Amino acid sequence: QVQLVESGGGLVQAGGSLRLSCVASGRTFSSYAMGWFRQAPGKEREFVAARSRSGYSTYYADSVKGRFTISRDNAKNTVYLQMNSLKPEDTAVYYCARTVTSFNENYYVREYEYPYWGQGTQVTVSS
């Protein structure tokens, strides 16, 4: 049973920072690419950031580029999302997601490429 557990969400003022964490179960975390997605009220879920299995490749949505950083610690089975210069439009439920076994250093940006998802953590940015 694959489990992904996010934490670190909360309420922050515009311009502030938060760091989200996602801990994955299992012993082969370095075999999987990881991603972060978010869903704002009344909107569809959207891609935020992705990192390849060893971390060599990363990709960001244009809306967060330069403000968010995805990183991973394979020894701790954890992926992070450092969010700086937060804006009210960043308010959403943030989800981490995991691919099936990856045999390359690709990153993935489409929801269907991630069969495993966490329960989400709420991020609220006040103006």
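Please read these numbers as outputs of a predicted model, since none were measured by experiment.
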Checklist entry - With sequence neighbours left out, what residues match Thr28 under side-chain contact (heavy atoms from CB on, under 4.5 Å)? => result Ser31, Tyr32
Same cluster for [X] and [Y] if Ile/Leu/Val/Met/Phe/Trp/Tyr side chains link at under 4.5 Å?
{"X": "Tyr107", "Y": "Phe47", "value": "yes"}
{"X": "Tyr116", "Y": "Val109", "value": "no"}
{"X": "Leu18", "Y": "Leu11", "value": "no"}

Please name the pair of heavy atoms, one in [X] and one in [Y], separated by the smallest distance, quoted to 0.1 Å.
{"X": "Pro115", "Y": "Thr99", "answer": "CD-CA, 3.9 Å"}
{"X": "Ser127", "Y": "Ala14", "answer": "CA-CB, 4.4 Å"}
{"X": "Asn74", "Y": "Arg53", "answer": "ND2-O, 3.2 Å"}
{"X": "Lys43", "Y": "Gln39", "answer": "O-NE2, 3.0 Å"}
{"X": "Met34", "Y": "Ile70", "answer": "O-CD1, 4.1 Å"}

Checklist entry - When you look at Tyr95 and Leu4, which way does the side-chain contact (heavy atoms from CB on, under 4.5 Å) test go after all the steps? => result CA-CA 9 Å; Tyr95 300 89; Leu4 300 171; over 6 Å; no
Item to check | Step-by-step side-chain contact (heavy atoms from CB on, under 4.5 Å) determination, Tyr80 to Thr69 | outcome: CA-CA 8 Å; Tyr80 304 96; Thr69 301; over 6 Å; no
Could you tell me whether the side chain of [Y] reaches within less than 4.5 Å of the side chain of [X], counting heavy atoms only?
{"X": "Phe29", "Y": "Thr78", "value": "no"}
{"X": "Trp117", "Y": "Arg45", "value": "yes"}
{"X": "Leu81", "Y": "Phe68", "value": "yes"}
{"X": "Arg38", "Y": "Val123", "value": "no"}
{"X": "Gln3", "Y": "Val23", "value": "no"}
{"X": "Arg67", "Y": "Asp90", "value": "yes"}

Checklist entry - Does a sphere of radius 6.0 Å around NZ in Lys65 hold more than 12 heavy atoms from other residues, nucleotides or ligands, not counting ones at 6.0 Å or beyond? => result yes
Got a donor-acceptor contact below 3.5 angstrom from the [X] side chain to the [Y] backbone?
{"X": "Gln119", "Y": "Val5", "value": "no"}
{"X": "Arg72", "Y": "Ser52", "value": "yes"}
{"X": "Glu6", "Y": "Cys96", "value": "yes"}

Checklist entry - Yes or no on side-chain contact (heavy atoms from CB on, under 4.5 Å) for Gln122 and Thr91, after CA distance, side-chain angles and deciding distance? => result CA-CA 8 Å; Gln122 176 70 48; Thr91 295; 4.0 Å; yes
Next on the checklist: Parallel, tilted or perpendicular, judged at 30° and 60°: which one describes the rings of Phe37 and Tyr114?
Outcome noted: perpendicular
Checklist entry - Taking atom CZ of Arg98 and atom OH of Tyr108, what is their separation to the nearest 0.5 Å? => result 12.5 Å
Checklist entry - Could you give the distance from CG (Asn77) to OG (Ser25), rounded to the nearest 0.5 Å? => result 8.0 Å
Next on the checklist: side chain to side chain donor-acceptor pair (under 3.5 Å) for Glu105 and Ser54? Distances and angles first, verdict last.
Outcome noted: CA-CA 7 Å; Glu105 287 298 325; Ser54 297; 3.0 Å; yes
